[in-house]
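All values reported here derive from a predicted model rather than from experimental measurement.
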Amino acid sequence: MDMQSDFDRLLFFEHARKTAEAAYAKDPLDADNLTRWGGALLELSQFQTVPDSKKMILDAISKLEEALVVSPNRHDTLWCLGNAHTSHAFLTPDQDEAKEYFNKATLYFQQAVDEEPSNELYQKSLEVAAKAPELHMEIHKHGLGQQTMGASTGPSSTSSGAKTSKKKKSSDLKYDIFGWVILAVGIVAWVGFAKSHMPPPPPTPPR
């Protein structure tokens with residue numbers, strides 16, 4: 001069931017990415033479209049291997065920064081950039097390098113809050129960002145960084161037995177890690193209302 005849900009999500013965001021790419025060709029200065037494009041890339045990065053995920057996140061950051069050039073105070077773009085830098089930080093094993101990304105993320109989250117102080121999701125993101133470096137240290141200390149981020153929806157090539165034992169041993173830590181997913185879920189919700197700005201995905205062919 002979860003696999004089907006992930007697959008549907010993958011299809012939706014791939015469609016969103018292609019739609020945004022086509023719209024960009026017609027109007028490269030549409031900040032709303034650039035933000036949707038960056039958000040879709042950020043979601044799709046979760047289905048990639050770690051190296052590919054990093055590339056996709058950097059591509060998302062590029063699109064979001066482009067949107068800010070057009071519209072510097074867009075709170076949803078600022079918030080997405082915070083998420084992008086956070087995701088990149090978690091995929092970066094080096095603590096000092098990751099800290100730089102976390103600092104950038106905090107800055108963008110703060111700007112998003114400044115632009116829209118009543119937004120609870122932005123406030124929560126800013127709060128969780130303060131705990132991110134500590135969580136990063138725990139993830140990489142337990143060797144979970146490669147497993148929890150950039151995971152593919154397909155079968156893993158790593159030993160499922162080893163993963164199961166690790167899951168049991170560090171279940172508390174995993175709850176913390178998945179607590180971070182509220183940020184990604186926020187992007188899903190945000191793109192949800194962006195659906196009205198784009199054509200619906202193609203229907204699934206009947207079996």
Side-chain angles (χ1 to χ4, degrees), residues 3 6-25 28 30-70 74 76-109 112 125 129 132-133 135-137 139-140 143-158 163 177-178 180-181 183-188 190-191 194 198 201:
M3 290 281 284
D6 281 346
F7 184 66
D8 289 344
R9 195 162 143 240
L10 178 64
L11 284 181
F12 171 72
F13 285 109
E14 179 57 25
H15 174 73
R17 181 192 67 78
K18 287 179 177 175
T19 302
E21 193 172 354
Y24 180 79
D30 183 345
D32 189 48
N33 182 61
L34 282 162
T35 302
R36 280 202 300 271
W37 194 356
L41 286 168
L42 199 50
E43 282 291 338
L44 288 170
S45 72
Q46 296 178 46
F47 298 93
Q48 314 300 316
T49 61
V50 172
D52 287 344
S53 183
K54 274 187 166 183
K55 285 179 191 171
M56 202 165 269
I57 290 168
L58 289 173
D59 195 12
I61 289 172
S62 170
K63 300 294 182 292
L64 294 166
E65 286 177 341
E66 211 174 320
L68 280 188
V69 171
V70 179
R74 275 187 70 100
D76 53 346
T77 309
L78 291 163
W79 178 75
C80 278
L81 267 166
N83 278 293
H85 283 293
T86 300
S87 299
H88 199 276
F90 275 120
L91 292 177
T92 305
D94 183 81
Q95 209 173 326
D96 291 334
E97 189 182 345
K99 196 172 187 321
E100 289 180 27
Y101 291 114
F102 283 131
N103 288 341
K104 284 181 183 176
T106 301
L107 184 66
Y108 283 121
F109 285 142
S125 301
L135 181 55
H136 173 274
M137 199 188 309
I139 291 172
H140 288 280
L144 296 174
Q146 301 291 308
Q147 294 175 19
T148 54
M149 303 298 291
S152 167
T153 52
S156 172
S157 58
T158 56
K163 286 179 89 171
I177 294 166
F178 291 126
W180 185 263
V181 172
L183 300 183
V185 169
I187 293 186
V188 176
W190 165 75
V191 177
M198 60 176 77

How about E66 and Y24: do any of their side-chain heavy atoms sit closer than 4.5 Å?
yes
Flag the pair N83 / F109 as yes when at least one side-chain heavy-atom distance between them is below 4.5 Å, and no otherwise.
yes
With sequence neighbours left out, which residue pairs that include part of residues 81-102 fulfil the salt bridge (Lys or Arg N to Asp or Glu O under 4.0 Å) condition?
none
Holding to side-chain contact (heavy atoms from CB on, under 4.5 Å), I want the full list of residues that pass it with A31, two or more places apart in sequence or in another chain.
A67, V70, S71, R74
Check ring-ring contact (aromatic ring centres under 6.0 Å, His included) between H85 and all other residues, then give those that pass, not counting sequence neighbours.
Y108
Just jot down the side chain to side chain donor-acceptor pair (under 3.5 Å) partners of Q95, sequence neighbours excluded, or say none.
none
Contacts of D59 meeting side chain to side chain donor-acceptor pair (under 3.5 Å) (sequence neighbours excluded), chain-then-number -> K63
Got a donor-acceptor contact below 3.5 angstrom from the S53 side chain to the S45 backbone?
yes
Residues two or more places apart in sequence or in another chain: which of them pass side-chain contact (heavy atoms from CB on, under 4.5 Å) with L58?
I61, H88
Quick one: side chain to side chain donor-acceptor pair (under 3.5 Å) partners of N103, sequence neighbours excluded?
none
Results of side-chain contact (heavy atoms from CB on, under 4.5 Å) for A98 - residues two or more places apart only
A89, T92, F102, H136
Can you sort out the partners of E21 under side chain to side chain donor-acceptor pair (under 3.5 Å), two or more places apart, ordered by chain and number?
R17
